[in-house]
There are 2 protein chains.
Amino acid sequence: MRPTVNDIAREAGVSLATVDRVLNARPGVREKTVKAVNDAIARLGYVRDLSAANLARSRSYRLAVLLPDTESQFIQSLAAALVEAGQAAATSRTELRLLRFPAEDPHALAALLGSLADRDYAGVALMAPETPVVRDAVRALRARGLPVVALVSDLPNADHFIGIDNRAAGRTAGVLMGRFLGGGPGQVMVLGQSLLARDMIERRRGFDEVMLRDFPGLEVLQSLETHGSPATLRQVVVEMLANAPRIRGIYAMGGGNRSLTQVLAETGLSGKLTVICHELTPHVRQALTTGEIAAVITQNLGHLARSTLRVLRAKADRQPLDAAQEQIRIEIVLRENLPVLPLPSAIDPLA
Amino acid sequence: MRPTVNDIAREAGVSLATVDRVLNARPGVREKTVKAVNDAIARLGYVRDLSAANLARSRSYRLAVLLPDTESQFIQSLAAALVEAGQAAATSRTELRLLRFPAEDPHALAALLGSLADRDYAGVALMAPETPVVRDAVRALRARGLPVVALVSDLPNADHFIGIDNRAAGRTAGVLMGRFLGGGPGQVMVLGQSLLARDMIERRRGFDEVMLRDFPGLEVLQSLETHGSPATLRQVVVEMLANAPRIRGIYAMGGGNRSLTQVLAETGLSGKLTVICHELTPHVRQALTTGEIAAVITQNLGHLARSTLRVLRAKADRQPLDAAQEQIRIEIVLRENLPVLPLPSAIDPLA
DNA sequence: TGAAATCTGAGGTACGCACCTCAAAAATGC
DNA sequence: GCATTTTTGAGGTGCGTACCTCAGATTTCA
């Protein structure tokens, strides 16, 4: 049998109450006694039983995840992954509430953040661009002891960031583009939703780093801004294709993948250009299999979602996290290593 | 407050004992009553508290993981990942025992497997090539109700396989090789430890599929067998390099990466050939950063280890698994998306 | 309708730990 | 040495579920 707290008490020659004080770092125990208890713990190889501890604490975690109300495939997939992770975590006294806020309204978001403090949440995860009001709202929440983690897009004053290193992601796109195009010659088009967004800036920087250093034969054109609008995307892409006849590759830094493949299809360029984009949404999967898209840089949303819950719980308990497990990988997906779609798992509520 | 079993009993108008019988699928309850209870569960949105359930069951899991005693970097990394996952799982009544067996002795392995049945293990994970004696030993274990999962290398009669699809991995290597070499012309050398091992056969098949279909300009040479011996590797590689002057790429299907880079360095070919190999070991990391290796196809060993524990526990409890979470991805690692090495996490035994 | 079989209720204990109280013991300051 | 403070012990309760027993209620079948 594994040792219990009673075994420690006996081994250390102290009472259960003292062991408890040591284990839970409560005050009122002499250094010497603390050491005696810790020695006993080490001798017996005691490991706290988390199930029992959580039960006794009757601790539960109400977590909020705030996503913009954008209806992009990426956000939808992310939301779905979060909901699924939330269902799985329900058996562990964890309740996840998915809240949406108007994408373009930082003040609404700040107000929402402010309202969270009162409703005894144990932690908040947030995917939003950084603006001064948001920064202040995050600071206020943290001051109240609520952990706040940034999701997908980093917020410098959050407790933690869950997502990929966008500069490295840009570099990865760069190597793939460079090598797939054999180092040149040719031109590469770069598309982004908003060139002011932190993520886009970092991806572009990483991409440029590699292209300049390793593939000088390829000319990387100025970033085109789509503002998340299919019409704008279509216009700028068509225009650029007309002006730059040596374009052989397109790096889509974020969003608008559906519109992009559509425009390429219409202009008869499907499969003729090397297209590298981000995020493995359903449509991108499809385009990968047909060869319209050559490679995708992505992050595993299931992992991202589960990691979010784990990190929030750890932060709420002020426990350390397993850095290796929580690191979100920059995944490269080609047609050949496209992960098979597992059937939507039927979560058994009694399991 | 979340509903408990008592709430269900009240809501369904039955006693606690009946709710318990329904929840744990014990006999002696009429269809009609079962339905009443399930309806109450649905109405209240009851979710079983796993912490309490595990505690009450006082269930614990002693798991065995059997690895060959090979001292390759891959096995060492895998063992380390398993040990770490085992430590983290200790708080959840899970004890992992890492057992090694002589790599080339199927009978010793079979004997070891046979001896496990008596020592109340809850499950067994096994990384071994399939041989008739092993197959029989696995069957015997399963007949005794012990779940057996195959690790890294598939065993057709195991309960589950944890690892990557090697054929898809080979295809992935193929696309990368083909695209990195611009489709040809040239020759590609292929190296493998043992050409009889199931994994190697599948990787080669996947690689050939893609090369033949998409890159006919590249000639894929016959596989060279290294038998895990640096000397043999050196010999066959040097010989092949002499005989096939148009070699531009090397696909190392498994093992021997250290020796390979060494031979290339000695022959002045470092960085001049496109080398694609498997498994991100410390040495391979190094070779990636220097450019000696262009790309690595790998599987996340941390994930593999944690997945092993989760799957074994689920199998031991006859519970369904989350296919999406347990799917091991085929990861492509280039210098630019090399995951940063997290510091070896200090596992807090009290956490 | 009666006996047998089946179903249900009431109540209990146990799991390992957290957290509480109050009194007793030990250490400390003066 | 005494009062004061600090440390320790003994004992308790509760977390939500699993699993057990035994008596009483209900249904089934002859």
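Below, all heavy atoms of this structure are taken into account, side chains as well, without hydrogens, waters or symmetry copies. Not measured: the values here are computed from a predicted model. Just so it is clear: chains get the letters A, B, ... in the order the sequence lines come, proteins before strands, and each one is counted from 1.
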query: Counting side-chain heavy atoms from CB outward, which of D:dT17, D:dT27, D:dA18 is closest to B:R26?
result: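 The closest nucleotide is D:dA18.
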task: Would you mind telling me which of D:dG14, D:dA18, D:dG9 lies closest to the side-chain atoms of A:A56?
output: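 It is D:dG14.
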With a 4.0 Å cut-off on heavy atoms, is [X] in touch with a base, just the backbone sugar-phosphate, or nothing at all?
| X | value |
| --- | --- |
| A:A53 | sugar-phosphate |
| B:R2 | nothing |
| A:R93 | sugar-phosphate |
| A:D20 | base |

In whole angstrom, what separates [X]'s [atom1] from [N]'s [atom2]?
| X | N | atom1 | atom2 | result |
| --- | --- | --- | --- | --- |
| A:L55 | D:dG16 | CG | P | 7 Å |
| A:D49 | D:dC15 | CG | C1' | 13 Å |
| B:L16 | D:dC15 | CG | P | 14 Å |
| B:N24 | D:dT17 | CG | C1' | 8 Å |
| A:R21 | D:dG11 | CZ | P | 15 Å |
| B:L50 | D:dC15 | CG | C1' | 15 Å |

query: So where does chain B start and stop touching DNA chain C, 5' to 3', when the test is distance under 4.0 Å to a non-hydrogen atom?
result: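 The contacted stretch runs from C:dC7 to C:dG16.
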message: Walk me through whether A:T94 and A:R313 qualify under side chain to side chain donor-acceptor pair (under 3.5 Å).
response: CA-CA 8 Å; A:T94 301; A:R313 286 213 319 214; 2.8 Å; yes
- request: Find out whether the Lys NZ or Arg CZ of B:R59 is both under 6.0 angstrom from the six-membered ring centre of B:Y61 and within 45° of the ring's axis.
  value: yes
query: Mapping B:R30 and B:A17 to their closest nucleotides on DNA chain D, which lands nearer the 5' end?
result: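 Result of the comparison: B:A17.
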query: Which residue, B:R57 or A:V34, contacts DNA chain D at a nucleotide closer to its 5' end, judged by nearest heavy atom?
result: A:V34
Candidates A:I75, A:T70, A:L66 - the one meeting side-chain contact (heavy atoms from CB on, under 4.5 Å) with A:R100: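 Going through the options one by one, the only one that passes is A:I75.
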statement: With A:L99 as partner, the option from A:D69, A:L67, A:L116 fulfilling side-chain contact (heavy atoms from CB on, under 4.5 Å) is A:L116
message: Working to the nearest 0.5 angstrom, can you tell me the gap between B:N54 CG and A:D49 CG?
response: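 Separation between the atoms: 8.5 Å.
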- request: For residues A:K315 and A:H160, determine if any side-chain heavy atom of one lies less than 4.5 Å from a side-chain heavy atom of the other.
  value: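 They are in side-chain contact.
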message: Is there a side-chain contact between B:R48 and the phosphate of D:dG16, meaning an N or O under 4.0 Å from OP1 or OP2?
response: no
